[in-house]
*Asks:* 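This structure is in structure tokens; I'll ask about it shortly.
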Amino acid sequence: MCQPDSVPTSDCTTPICVLGLGLIGGSVLRAAVAAGRRAWGYNRSPRVVDDAVGDGFDASTDLVAALRRAESERALVVVAVPMPAVDTVLSAIAEHAPNTTVTDVVSIKAEVAAAVAAHGLSGRFVGGHPMAGTAESGWSAGTADLFRDAVWVVAVDDGTNPDAWLQVADLALDCGAVVVPAESREHDAAVARISHLPHILAEALALSGAAGGDLALGLAAGSFRDGTRVAGTAPALVDAMCEGNGPALLTALDETLDVLNAAREQLAAGSTRELTRAGHEARRRYEQRQRHPIEGVVPGDDGWLTKMRDAGRRGEVWTR
Ligand code: NAD
């Protein structure tokens with residue numbers, strides 16, 4: 001729940017206006033309301049709005065009205081649409097909510113930051129990315145606790161306004177997440193490895209299983225199910241993530257192809273030892289990671305962005 005005294009310069013009572021009530025936006029709306037925030041949402045589809053209203057939430061198909069209300073109530077606007085729709089939404093924000101603080105949940109950050117700059121909104125924008133989700137889409141797939149104990153990246157790009165940063169971090173904390181600060185390009189390079197590459201590998205693995213025919217698919221159990229889970233995501237969402245992060249994903253993919261080619265050579269020579277020992281050790285490093293809190297950094301103080309980036313690189317988290 002929101003604790004206004006815990007961070008002196010933050011304002012936990014800031015209302016939330018969510019644009020796009022799919023899996024992520026719908027979950028943000030639910031979580032914000034559960035945390036005691038005043039919150040409302042916009043979705044272009046009347047069916048989704050009817051479902052959200054039927055579930056007791058304040059939702060509308062009227063983007064202009066949602067943004068004018070955000071402007072008058074000094075809300076934090078959350079852009080929760082896929083990358084191809086971001087430009088349209090930013091245009092509407094620039095026109096109808098010119099003074100609100102804005103964040104987003106899009107899975108890539110540098111392209112969003114560039115679009116925000118093109119609309120002249122950088123001064124009051126702080127990028128975000130909740131590292132949570134499922135292979136499902138839409139309002140009905142959302143839950144209030146989707147972000148519980150998840151990591152939520154809050155961008156610390158040059159020029160970030162510290163009060164806006166705290167508003168966005170507070171929303172993430174209210175949603176039950178912990179915050180990892182990262183510069184947008186570093187975020188994109190990191191998620192290429194741990195999110196976008198897994199999508200590519202999952203699609204390839206699913207194809208390999210299907211190529212084995214009904215017998216192979218009939219025998220498939222845990223490792224195939226887990227390894228292909230994200231191939232169940234709507235293809236258009238995967239395209240938006242992967243294509244939008246092309247250069248970083250190509251680097252990660254090239255490195256992985258090198259690993260696979262080396263493994264192939266080793267297997268042809270009769271051994272998988274090198275790959276399995278190195279992979280096992282890498283997995284153990286992931287399992288043993290710890291979340292240490294960020295200490296001694298105050299948003300707005302001299303050098304706070306650099307200190308936040310360093311803390312994020314060490315895997316430290318901003319909590320209450
Ligand atoms: P979703 O398909 O469940 O919801 C997308 C929402 O965007 C819907 O409300 C849809 O109506 C709206 N939308 C799509 N095109 C639009 C347009 N042209 N104009 C207005 N609204 C439009 O998708 P999601 O999983 O909630 O993804 C939303 C954002 O969250 C994406 O940018 C995605 O990268 C990001 N994200 C997704 C996940 C995940 O695991 N699914 C995790 C973190 C972040």
*Asks:* With side-chain contact (heavy atoms from CB on, under 4.5 Å) as the criterion, how do V191 and H187 come out once you've worked through the C-alpha distance, each side chain's angles and the decisive distance to 0.1 Å?
*Replies:* CA-CA 6 Å; V191 296; H187 160 278; 3.5 Å; yes

*Asks:* Do S91 and H119 have side chains that get closer than 4.5 Å, going by heavy atoms?
*Replies:*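 Sidechains of H119 and S91: in contact.
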
*Asks:* Going by distance alone, is a donor N or O of one side chain under 3.5 Å from an acceptor N or O of the other, for H196 and D188?
*Replies:*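 Distance-only check fails for H196 and D188.
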
*Asks:* With clusters defined by side-chain heavy atoms of hydrophobic residues (ILVMFWY) lying less than 4.5 Å apart, directly or transitively, does V180 cluster with L166?
*Replies:*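 Different hydrophobic clusters.
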
*Asks:* Just how far is it from atom CD1 of I16 to atom CD of Q167, taken to the nearest 0.5 Å?
*Replies:*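 Here the rounded value is 8.0 Å.
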
*Asks:* Take a 6.0 Å sphere around CZ of R314 and say whether it holds more than 12 heavy atoms from other residues, nucleotides or ligands.
*Replies:*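 Counting other residues, nucleotides and ligands, CZ of R314 exceeds 12 neighbours.
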
*Asks:* How long is the gap from CD on E95 to CD1 on I93, to the nearest 0.5 Å?
*Replies:*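 Between atom CD of E95 and atom CD1 of I93 there are 12.0 Å.
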
*Asks:* Is there side-chain contact between L21 and L29, with at least one heavy-atom pair below 4.5 Å?
*Replies:*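 With C-beta onward as the side chain, the pair touches.
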
*Asks:* Indicate yes or no: at least one non-hydrogen side-chain atom of D104 is less than 4.5 angstrom from one of V86.
*Replies:*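 No, every pair of side-chain atoms sits at 4.5 Å or beyond.
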
*Asks:* List for me each residue that meets salt bridge (charged side-chain N to carboxylate O under 4.0 Å, His left out) alongside R124, sequence neighbours excluded, and say none if there are none.
*Replies:*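 R124: no salt bridge (charged side-chain N to carboxylate O under 4.0 Å, His left out) contacts found.
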
*Asks:* Measure from the side-chain N and O atoms of T276 to the backbone N and O of T272, and report whether any donor-acceptor pair falls under 3.5 Å.
*Replies:*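 It does hold such a pair.
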
*Asks:* Of the non-hydrogen atoms in G20 and A80, which two are nearest, and what is the gap between them?
*Replies:*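 Reported closest heavy-atom pair: O-CB, 3.5 Å.
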
*Asks:* Given 3.5 Å as the limit, does a donor-acceptor pair link the side chain of S195 with the main chain of A192, or not?
*Replies:*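 Answer holds: no.
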
*Asks:* Heavy-atom distance under 4.5 Å between the side chains of P130 and I24, does that happen here?
*Replies:*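 P130 vs I24: side chains touch.
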
*Asks:* Step by step, would you call L173 with W318 a side-chain contact (heavy atoms from CB on, under 4.5 Å)?
*Replies:* CA-CA 9 Å; L173 298 181; W318 179 264; 4.1 Å; yes

*Asks:* Which pair of non-hydrogen atoms, one from P98 and one from E71, has the smallest distance, and what is that distance?
*Replies:*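 Between these two residues, the closest heavy atoms are N-OE1, 3.2 Å.
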
*Asks:* Does N245 use its side chain to pair, donor to acceptor, with the backbone of M241 at less than 3.5 Å?
*Replies:*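 Not confirmed, N245 side chain does not pair with M241 backbone.
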
*Asks:* Rounded to the nearest 0.5 Å, what's the gap from CD on E111 to CZ on R185? Could you check?
*Replies:*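 It comes to 10.0 Å.
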
*Asks:* Looking only at non-hydrogen atoms, find the nearest pair between S137 and A141 and report the distance.
*Replies:*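 Smallest interatomic distance, heavy atoms only, reads O-CB, 3.6 Å.
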
*Asks:* Are V18 and L23 connected in a single hydrophobic cluster, I mean Ile/Leu/Val/Met/Phe/Trp/Tyr linked by side-chain heavy atoms less than 4.5 Å apart?
*Replies:*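 Same cluster.
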
*Asks:* Let me confirm one number: the CG-CG distance from D310 to L305, rounded to the nearest 0.5 Å.
*Replies:*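 So the CG of D310 and the CG of L305 are separated by 11.0 Å.
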
*Asks:* Can you establish whether the number of heavy atoms outside D214 located under 6.0 Å from its atom CG is more than 12?
*Replies:*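 Count not over threshold, so no.
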
*Asks:* State, with a plain yes or no, whether a side-chain heavy atom of V298 is found less than 4.5 Å away from one of W304.
*Replies:*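 In short, these two side chains do not touch, never coming nearer than 4.5 Å.
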
*Asks:* Hey, are D302 and K307 close enough for a salt bridge, meaning a charged N less than 4.0 Å from a carboxylate O?
*Replies:*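 Looking at K307 together with D302, the answer is no, because their closest N to O distance does not fall below 4.0 Å.
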
*Asks:* Of all heavy-atom pairs between T319 and P293, which one has the smallest distance, and what is that distance?
*Replies:*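 It is OG1-CB, 4.4 Å.
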
*Asks:* Salt bridge check: are D149 and R291 linked by an N-O gap of less than 4.0 Å?
*Replies:*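 Result for this pair is no, no salt bridge flagged.
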
*Asks:* For the residue pair A182 and V153, what are the closest heavy atoms and their distance?
*Replies:*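 It is CB-CG1, 4.0 Å.
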
*Asks:* Treating T160 as the side-chain partner and V156 as the backbone partner, does any N or O pair qualify as donor plus acceptor under 3.5 Å?
*Replies:*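 Flag not set: sc T160 to bb V156 has no pair under 3.5 Å.
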
*Asks:* Working note: L76 + V168, criterion side-chain contact (heavy atoms from CB on, under 4.5 Å); need CA distance, chi angles, decisive distance, verdict.
*Replies:* CA-CA 8 Å; L76 170 61; V168 177; 4.1 Å; yes

*Asks:* Could you go through V105 and V79, starting from their C-alpha distance and side-chain angles, then the distance that decides it, and tell me whether this counts as side-chain contact (heavy atoms from CB on, under 4.5 Å)?
*Replies:* CA-CA 6 Å; V105 297; V79 176; over 6 Å; no

*Asks:* Hey, does E203 have a side-chain heavy atom less than 4.5 Å from the side chain of P235?
*Replies:*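 Heavy-atom side-chain distance check fails, nothing below 4.5 Å.
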
*Asks:* For V48, does its backbone N or O pair with a side-chain atom of S45 as donor and acceptor, under 3.5 Å?
*Replies:*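 At least one qualifying donor-acceptor pair exists.
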
*Asks:* According to side chain to side chain donor-acceptor pair (under 3.5 Å), who are the partners of T143, at least two apart in sequence or on a separate chain?
*Replies:*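 Side chain to side chain donor-acceptor pair (under 3.5 Å) list for T143, sorted by chain: D145.
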
*Asks:* Would you indicate whether the side-chain heavy atoms of E183 and K109 approach each other to under 4.5 Å?
*Replies:*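 No, side chains not in contact.
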
*Asks:* So which heavy atom on T14 is nearest to which on R37, and how close?
*Replies:*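 So the minimum-distance heavy-atom pair works out to O-NH1, 2.8 Å.
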
*Asks:* With heavy-atom distances below 4.5 Å as the criterion, would you say the side chains of R320 and D174 are in contact?
*Replies:*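 In short, these two side chains touch, coming nearer than 4.5 Å.
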
*Asks:* On the ring face of Y42, is R44 found with NZ or CZ under 6.0 Å from the centre and within 45° of the axis?
*Replies:*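 Judged by the rule, R44 and Y42 form no cation-pi pair.
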
*Asks:* Could you state whether V126 and L19 fall into the same hydrophobic cluster, counting links through intermediate Ile, Leu, Val, Met, Phe, Trp or Tyr residues with side-chain heavy atoms under 4.5 angstrom apart?
*Replies:*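 As far as the 4.5 Å side-chain criterion goes, L19 and V126 are not connected within one cluster.
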
*Asks:* For the side-chain contact (heavy atoms from CB on, under 4.5 Å) test, which of N161, V102, D157, V116 pairs with S122?
*Replies:*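 Option passing the side-chain contact (heavy atoms from CB on, under 4.5 Å) with S122: V116.
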
*Asks:* Between E73 and R38, is there a salt bridge with N-O shorter than 4.0 Å?
*Replies:*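 Answer for the salt bridge query: yes.
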
*Asks:* Less than 4.0 angstrom from a charged side-chain N to a carboxylate O is my criterion; do E287 and R283 meet it?
*Replies:*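 Salt bridge present between E287 and R283.
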
*Asks:* Salt bridge between R309 and D158, side-chain N to carboxylate O under 4.0 Å?
*Replies:*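 Yes.
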
*Asks:* Are any side-chain N or O atoms of T228 and backbone N or O atoms of F224, one a donor and one an acceptor, separated by less than 3.5 Å?
*Replies:*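 Confirmed, T228 side chain pairs with F224 backbone.
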
*Asks:* With a distance cut-off below 6.0 Å to the six-membered ring centre and an angular limit of 45° from the axis, does R47 pair with W139 as a cation-pi contact?
*Replies:*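 No, R47 and W139 do not form such a contact.
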
*Asks:* Do the rings of F147 and W152 sit parallel, tilted or perpendicular, given the 30° and 60° boundaries?
*Replies:*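 If you compare the ring of F147 with that of W152, the planes turn out tilted.
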
*Asks:* So, taking the atom named CG in L219 and the one named CG in L215, what distance separates them when rounded to the nearest 0.5 Å?
*Replies:*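 Reported to 0.5 Å precision, the distance equals 4.5 Å.
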
*Asks:* Thinking salt bridges, do R313 and E186 make one under a 4.0 Å N-O criterion?
*Replies:*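 Salt bridge present between R313 and E186.
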
*Asks:* Given the rule that I, L, V, M, F, W and Y join up when any side-chain heavy atoms are under 4.5 Å apart, are M83 and I200 in one cluster?
*Replies:*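 The answer is no; the residues belong to distinct hydrophobic clusters.
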
*Asks:* Thinking salt bridges, do D226 and R229 make one under a 4.0 Å N-O criterion?
*Replies:*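 No salt bridge links D226 with R229.
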
*Asks:* To the closest 0.5 Å, what do you measure between CG (D163) and OG1 (T101)?
*Replies:*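 Output value for this atom pair is 8.5 Å.
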
*Asks:* Hydrophobic clusters here meaning ILVMFWY residues chained together by side-chain heavy-atom distances under 4.5 Å, can you tell me if V154 and V112 are in one?
*Replies:*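 They do not share one cluster, since no chain of ILVMFWY contacts under 4.5 Å joins V154 to V112.
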
